Protein chains: 2
Amino acid sequence: MTAAEKKRREMRETIRDASIREFARNGLAGTSTQAIADAAGITKAQLHYYISSKEELYQEVLRYIVEQWREIFFLAASPEDPATAISRYIEQKLKHALEYPDISRFFAREIARGAPEMSPHWCGLRKAVEEASGVINRWIEGGKIKPVDPLLFQINMWAVTQHYAEYEAQVRVLMNKAADAPLDDGRIIKEATTLFLLRCGLTEEGMVS
Amino acid sequence: MTAAEKKRREMRETIRDASIREFARNGLAGTSTQAIADAAGITKAQLHYYISSKEELYQEVLRYIVEQWREIFFLAASPEDPATAISRYIEQKLKHALEYPDISRFFAREIARGAPEMSPHWCGLRKAVEEASGVINRWIEGGKIKPVDPLLFQINMWAVTQHYAEYEAQVRVLMNKAADAPLDDGRIIKEATTLFLLRCGLTEEGMVS
DNA sequence: AAATAGTTTGACCGATTGCTATGATTTTGT
DNA sequence: ACAAAATCATAGCAATCGGTCAAACTATTT
């Protein structure tokens, strides 16, 4: 009962993690079920015993990622002052990208394909972005930050934070870091935070100009 | 002689363009030679008459892209003032990303794979980035811009400009643009330019603070 | 201990993979 | 006009693709 269920759930997680790695590297079409099975340390037939099809596994992983992100990343709900909210958002997002780069890469591949499996998920993401735009607009109206295009401001924060996951290989070369050495998160987070705070006329200490 | 060579070259270009589209969508492993042939409007056997192998076609396309980028994008050689140089760089890079998104997507996929075919090309890109870092440092020393991490400043400019190619599908959803409607380049370019100019303490009109 | 349920396995399916052999067809230089 | 060269399409190669199957195996319940 409990032991069997637990083992089954663990196997599911193993398969999901392995498939995220493989899908992130080679995409849906480029990843064979054999490769996923190898990465999970099981047989191909065994894999097909646990999943119903490759496509459905892919969709399940996508659902898992979108849900995870919706829980973690929302600029909207923070009641604090703009500087704290923005700093925290960037730090959070960058740390996630650096720690779980395959998740960002998986998502990026889906979008680059034209996002054919994303239709059920757009609505939620859109609402979150619009809500955050409202918060930013209120900051502007309240004179707490300089005028900004709220939507593009968010998109650009996404762009920078995602980049360090997807382009990790390039960043490593330019920063002279071996594949096993850890990247200098502090340096990256600091520069990114400064970039977006200054855009709003803010610094870590307070408002400017 | 001339006519035959011209036709041959045109066929090569057709194949290259078609393969960029396909590789950009589904990656190296996920793209079949049949799909490339279909996209180029020829037979699979005919395709294999013009290319020696799928991998080599892929490498040739990668070489073509890297070379193209080295010619177009270099922050270094501009002798103008920082504001003009940065504005021009961002506009140039963004326009390219919006006009030829598949090229950016192709490159992004190669990097996300771990960049196994990039080793011959890193040296050149690295040198260009280091050269640009020198220029930026001289701007800082000359008091023309505020202190910046030169490397991360460049990486972040890349991040934003590339993003609008790779995440076009998502940007379209958030900006309420249909697949055939053109994106609002002006709006995107303006916000991105402001973002990076403000980071240096600049505006379109001149230095600030 | 017998019966049952859940899991793993290797063999196998038709379809597709990258790529080639070969002969037909077209284009070319003379 | 004719031979040589380049280009094309058909068919086919072994290998791999996603997925299935029944039989072997293991664990759990009675």
Side-chain angles (χ1 to χ4, degrees), chain A residues 1-64 106 109-110 113 116-117, chain B residues 1-64 106 109-110 113 116-117:
Chain A
M1 210 57 127
T2 316
E5 274 184 359
K6 190 184 168 194
K7 200 184 167 194
R8 205 176 155 78
R9 200 174 307 137
E10 275 173 7
M11 179 65 93
R12 284 259 195 196
E13 280 175 23
T14 302
I15 291 172
R16 196 188 54 209
D17 291 349
S19 69
I20 287 178
R21 276 201 307 276
E22 294 302 309
F23 284 140
R25 289 221 148 221
N26 299 108
L28 171 58
T31 300
S32 63
T33 53
Q34 181 69 67
I36 297 172
D38 290 349
I42 56 177
T43 326
K44 191 178 68 162
Q46 201 176 348
L47 172 69
H48 279 282
Y49 174 75
Y50 284 97
I51 70 173
S52 54
S53 78
K54 192 175 80 162
E55 312 252 347
E56 210 168 282
L57 173 60
Y58 182 87
Q59 287 169 15
E60 186 197 313
V61 170
L62 182 62
R63 224 171 12 244
Y64 166 77
F106 180 104
R109 286 203 102 114
E110 168 64 15
R113 280 208 307 164
E117 312 282 1
Chain B
M1 208 58 126
T2 317
E5 275 183 357
K6 190 183 165 193
K7 198 184 168 193
R8 206 177 154 77
R9 201 173 307 136
E10 276 173 5
M11 180 64 95
R12 285 257 195 198
E13 280 175 23
T14 302
I15 290 173
R16 197 189 53 210
D17 291 349
S19 69
I20 288 178
R21 276 201 305 276
E22 295 301 311
F23 283 141
R25 288 221 149 221
N26 299 108
L28 171 57
T31 301
S32 64
T33 53
Q34 182 69 67
I36 297 173
D38 290 348
I42 56 177
T43 325
K44 191 176 65 160
Q46 200 176 348
L47 171 69
H48 280 283
Y49 174 76
Y50 284 98
I51 70 173
S52 53
S53 78
K54 192 175 81 163
E55 312 250 348
E56 211 168 280
L57 173 62
Y58 182 86
Q59 286 169 16
E60 187 198 312
V61 170
L62 182 61
R63 223 169 16 243
Y64 165 78
F106 180 105
R109 289 202 102 116
E110 168 64 17
R113 278 209 309 163
E117 312 283 359

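Per chain, numbering begins at 1; letters A, B, ... match sequence-line order. Small disclaimer: the values here were computed from a predicted structure and weren't measured. The figures here come from the full heavy-atom set of this structure, side chains too, leaving out hydrogens, waters and symmetry mates.
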In whole Å, I'd like the distance from the [atom1] atom of [X] to the [atom2] atom of [N].
| X | N | atom1 | atom2 | value |
| --- | --- | --- | --- | --- |
| B/Ile51 | C/dG18 | CD1 | P | 9 Å |
| B/Arg12 | D/dT7 | CZ | P | 10 Å |
| B/Leu57 | C/dC19 | CG | C1' | 14 Å |
| B/Lys54 | D/dT16 | NZ | C1' | 12 Å |
| A/Leu47 | D/dG19 | CG | P | 9 Å |

Gap between atom [atom2] of [Y] and atom [atom1] of [X] - 0.5 Å precision:
| X | Y | atom1 | atom2 | answer |
| --- | --- | --- | --- | --- |
| B/Phe106 | B/Ser19 | CZ | OG | 7.0 Å |
| A/Ser52 | A/Gln59 | OG | CD | 9.0 Å |
| A/Ile20 | A/Arg25 | CD1 | CZ | 14.5 Å |
| A/Ile36 | A/Leu47 | CD1 | CG | 6.0 Å |

Self-check item: cation_pi(B/Arg16, B/Tyr64) dist<6.0 Å, angle<=45
Solution: yes
Quiz item: If you measure from the Lys or Arg side-chain nitrogens to the Asp or Glu carboxylate oxygens, is any gap between B/Glu110 and B/Arg113 under 4.0 Å?
Solution: yes
Practice problem: Inspect the contact between B/Arg63 and B/Glu60 and indicate whether a charged nitrogen and a carboxylate oxygen are less than 4.0 angstrom apart. | Solution: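 Salt bridge flag = no for B/Arg63 with B/Glu60.
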Quiz prompt | Polar contact flag, side-chain donor to acceptor under 3.5 angstrom, A/Gln34-A/Asp38 | solution =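 Note: A/Gln34 and A/Asp38 side chains meet the donor-acceptor criterion.
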Practice problem: Using a 4.0 Å heavy-atom cut-off, write out nucleotides 6-13 of chain C from 5' to 3' as B (base contacted by protein), S (sugar-phosphate only) or - (no contact). | Solution: SBBBB---
Quiz prompt | Selection: residues 23-40 of chain A, any non-hydrogen atom under 4.0 Å of DNA chain C | solution = none
